[in-house]
Amino acid sequence: MNVKDLRKRVPYQIQRDVLNELSVDQVAEKSDFKISTNEKLRDAVRFKSCFLSFVPLLAWLPQYPFRENAIGDLISGISVGIMHLPQGMAYALLAAVPPVFGLYSSFYPILIYFIFGTSKHISVGTYAVMSVMIGSVTERLAPDSDFMIPGNDTNSTTLDIVGRDAERVKIAATVTFLSGIFQLLLGVVRFGFVVTYLSEPLVRAYTTAAAIHVIVSQLKYSFGINPQRYSGPLSLIYTVIEICALLGKTNIGTLVVSIVTILGLVAAKELSALAARKIPVPIPVELITIIVATVVSWQMDLKTEYGVEVVGEIPSGLQAPVAPAVSLLGSMVGDAFALAVVGYGIAISLGRIFALKYAYKVDSNQELIALGLSNSIGGLFNCFAISCSMSRSMVQVSTGGKSQLVLERWMVSSLDYCLVKAVLAAIIYVNLQGMMKQFGDICSLWRTNKVDMVVWVMTMILTVLFNPDLGLAASIAFSILTVVFRTQLPKYSILGQVPGTDIYRPVEDYHQVKEIPGIMIFRSSATLYFANAEMYIDALYEKTGVDVAKLLSHKKKLEAKRLRKEKKAAKKAKKEAKKRAKETAVKSVVSAFNQGEEPQFSDTDESGEEPELSHAEANGDVNKLSVKEPKDVATVEVGPDPDPDTTLPRAIILDLSPVNFLDTVSVKTLRNIYKDYGEAGVQVYLCGCQSVVESMEKGDFFNEKVTKSILFSSVHDAVLYSQQGNSKEVQYILISHTHTHISEVS
């Protein structure tokens, strides 16, 4: 380290008592104050604030700065409204409903969101991903095969297009209504946090995969073919195979229209981007394309001369509300919930981006309610599910839009039936080029976070293979599994002290970090819960070099060995005592005969008492065993047989600072660690566990012998306490970049 770096170091000095959790509670005067349920309910039901939060329009409209924002919002509204016209009709094809219903979906839901939404910059309306999800439902529940009617000729059939479209509109409106109900319910129960399970890599990969579904679904319009409809897993693969088999039947006129339209749109968008610096309003490229294509189709009679498929008549006016088909609700619950989650996830993600950029707050729960009302009410007017569009939102921002007070111009007129479907498909292709650029995320994620890259790739594969509805569920499940796996494979470390500081770091990551003699400091990088509790114990044994289970088993074997030796020694001593007693008795008889006295036989010794075992045997002493006998009889002693290969630390400190919750299994694990190491003669201390003390109390971790005195706020407190012992008060004195002092207070 050079002199310049040393000068930048700011010194500080700390001197205090080493504090355990009990001491901290006393010094800081821990409070037991908790907000009562009645107070929470009283705050939640305040009418005025509750009503204003439910209808944000009433809060911001009276304060709307007309002079500053009105012109920008007017220009922005006209620009975005012009974009809604072609995109609404194009995305209606994705939903497998007539184009006019895409225009309805660009009108009714927008008015509802204007009243209840909290984002000032997102442009809600039709969205490609939502439309293709709707299309998968409508085509599954109302396939063409159900609307084939017998023709005039034998064995000929005709498709009832009018009946099919009416049924598909009913299905689209019903699933939209149900998805809105789901969003409303989630918003009412304050379930806005559900979007946290949709990470950014997952959302971007999902939209990319959905874009692939969109492109494949539009290929039939670009080539002028009619492939068979597939549903369920792998349907995309089957559809691509079917399209490849039908390429020989391509309508050349339709293909030429598609290619010319795509090239023209790409060139026009590039020119529009170059001219954006000089022109305040973006060029309505899609609208101009539709007008030109319609005129060309009408003048050249493409439908009759070249067999090019056209949209047909687009009616004018608005429709009256229609009740949803209740009989269909049971068959689309899963699809509706997927629509609710995806639509909300995309809208809130984009809304938060703009809110962060322009310094205002987006209420996630209110957004759920706003989108839920937009979809549920829109479903009554035969609209299909909406979300927000990145392209329209960017136009709204770039043209000066600063609030939802935008006059989005919605036009429904008697457009000529000559509008070519291939032109709408080309508009979709060009609008999806931004999503296709998201493939670049793979390279960037490979450099930054490989787990997120795996989530991206797997989400992409699962959504392509299983369709958007099942693919979303599978992707979320996989994303959650990656979190579980990361908690099961954390980094376990032994910590050492940075010289002259109270900072502790993994010894394997730093050259100057040294372990504290006689103290092992163990830390896991993940939280401790039932899924990794056993691995935590195994890693603790491995890192500390002390396998308590084996140590206790070894002690039990030594105990059994001692008992066997003691029993054997006791038997031998008793046998020797009896032998000597008999010898003494024989000597007494011989002596009596020699002296002419009558001999007396007895099982006692000279003192008239039985040979008795020592106090050690009577009380089961495992260290000493002796037999009370004449002085020339040796005493048998069996002492402890320590394992010479086991070097026990004086203390083990568990750093629980990464732990943010404890379940019953983890509390039991910590209790067993404390008990087992304690039986082995090793004291265990816990530090950095302030956030889980309540869980330990509820889990009955503490008792008369185990108290909060083994808990410490920092690793350094625990180290100083274990170094000095718990018989004296210890002072924590630290002077930066010198050394740590420990002083005793008598």
Side-chain angles (χ1 to χ4, degrees), residues 68-91 106 120-129 204 207-208 211 214-215 218 222 255-297 346 349-350 353-354 356-358 388-403 406-411 419-420 422-441 443-444:
E68 292 83 0
N69 295 350
I71 300 299
D73 284 341
L74 178 63
I75 296 174
S76 174
I78 294 174
S79 302
V80 175
I82 291 174
M83 291 183 67
H84 269 294
L85 176 64
Q87 288 187 5
M89 290 192 296
Y91 293 157
S106 300
K120 300 178 181 179
H121 294 91
I122 64 172
S123 174
V124 296
T126 56
Y127 185 57
V129 175
R204 291 176 67 87
T207 53
T208 303
V214 170
I215 292 173
Q218 296 303 294
S222 298
L255 182 61
V256 170
V257 171
S258 298
I259 295 174
V260 171
T261 304
I262 291 173
L263 294 177
L265 278 171
V266 171
K269 281 184 173 291
E270 292 296 328
L271 292 175
S272 177
L274 294 175
R277 299 177 181 177
K278 299 181 180 180
I279 303 176
V281 180
I283 301 174
V285 176
E286 289 94 346
L287 183 60
I288 294 174
T289 301
I290 286 178
I291 294 173
V292 172
T294 301
V295 172
V296 171
S297 174
I346 294 171
S349 299
L350 195 58
I353 292 174
F354 288 118
L356 182 63
K357 183 177 180 180
Y358 294 100
C388 73
S389 167
M390 171 66 82
S391 59
R392 292 197 305 268
S393 299
M394 293 304 297
V395 169
Q396 180 169 325
V397 172
S398 63
T399 52
K402 296 180 180 179
S403 71
V406 289
L407 305 176
E408 300 202 359
R409 186 177 176 181
W410 180 79
M411 298 175 290
L419 177 58
V420 180
V423 174
L424 296 179
I427 293 174
I428 293 173
Y429 296 149
V430 175
N431 284 331
L432 291 178
Q433 62 178 335
M435 292 186 185
M436 292 295 102
K437 292 178 181 179
Q438 292 178 159
F439 276 105
D441 293 351
C443 297
S444 61

(message) Run the side chain to side chain donor-acceptor pair (under 3.5 Å) test against Thr207 and tell me which residues pass, sequence neighbours left out.
(response) Gln438

(message) For a quick test of reading the model, state the closest non-hydrogen atom pair linking Gly88 to Thr126 and the distance between them.
(response) CA-OG1, 3.8 Å

(request) Enumerate the residue pairs fulfilling side chain to side chain donor-acceptor pair (under 3.5 Å) with a member in residues 262-273, sequence neighbours excluded, ordered by first and then second residue. (result) Lys269-Glu286

For residues 257-268, run the donor-acceptor check on the side chains, cut-off 3.5 Å, and write out each pair with its distance to 0.1 Å, sequence neighbours left out.
{"residue": "Ser258", "atom": "OG", "partner": "Ser222", "partner atom": "O", "Å": "3.3"}
{"residue": "Ser258", "atom": "OG", "partner": "Thr254", "partner atom": "O", "Å": "3.0"}
{"residue": "Thr261", "atom": "OG1", "partner": "Val257", "partner atom": "O", "Å": "2.6"}

(message) Tell me the closest heavy-atom pair linking Ile428 and Ala90, and the distance in Å.
(response) CD1-O, 3.2 Å

(request) Tell me, please, which residues at least two apart from Gln87 pass side chain to side chain donor-acceptor pair (under 3.5 Å). (result) Arg392

(message) Within the structure provided, determine whether Val214 and Met435 are in side-chain contact (heavy-atom separation under 4.5 Å).
(response) no

(request) Indicate yes or no: at least one non-hydrogen side-chain atom of Tyr358 is less than 4.5 angstrom from one of His121. (result) yes

(request) May I ask you to decide if Ile346's main-chain N or O and Ser349's side chain share a donor-acceptor pair within less than 3.5 Å? (result) no

(message) When you measure from the side chain of Tyr91 to the backbone of Gly125, do you find a donor-acceptor pair of N or O atoms at a distance under 3.5 Å?
(response) no

(message) Let me confirm one number: the CZ-CD1 distance from Phe354 to Ile122, rounded to the nearest 0.5 Å.
(response) 9.0 Å

(request) Evaluate the criterion side chain to side chain contact (heavy atoms under 4.5 Å, CB included) for residue pair Ile290 and Ile427; output intermediate values, then yes/no. (result) CA-CA 9 Å; Ile290 286 178; Ile427 293 174; 3.7 Å; yes

(request) Quick one: pull up CG in Leu424 and CD in Gln218 and give me the separation to the nearest 0.5 Å. (result) 8.5 Å

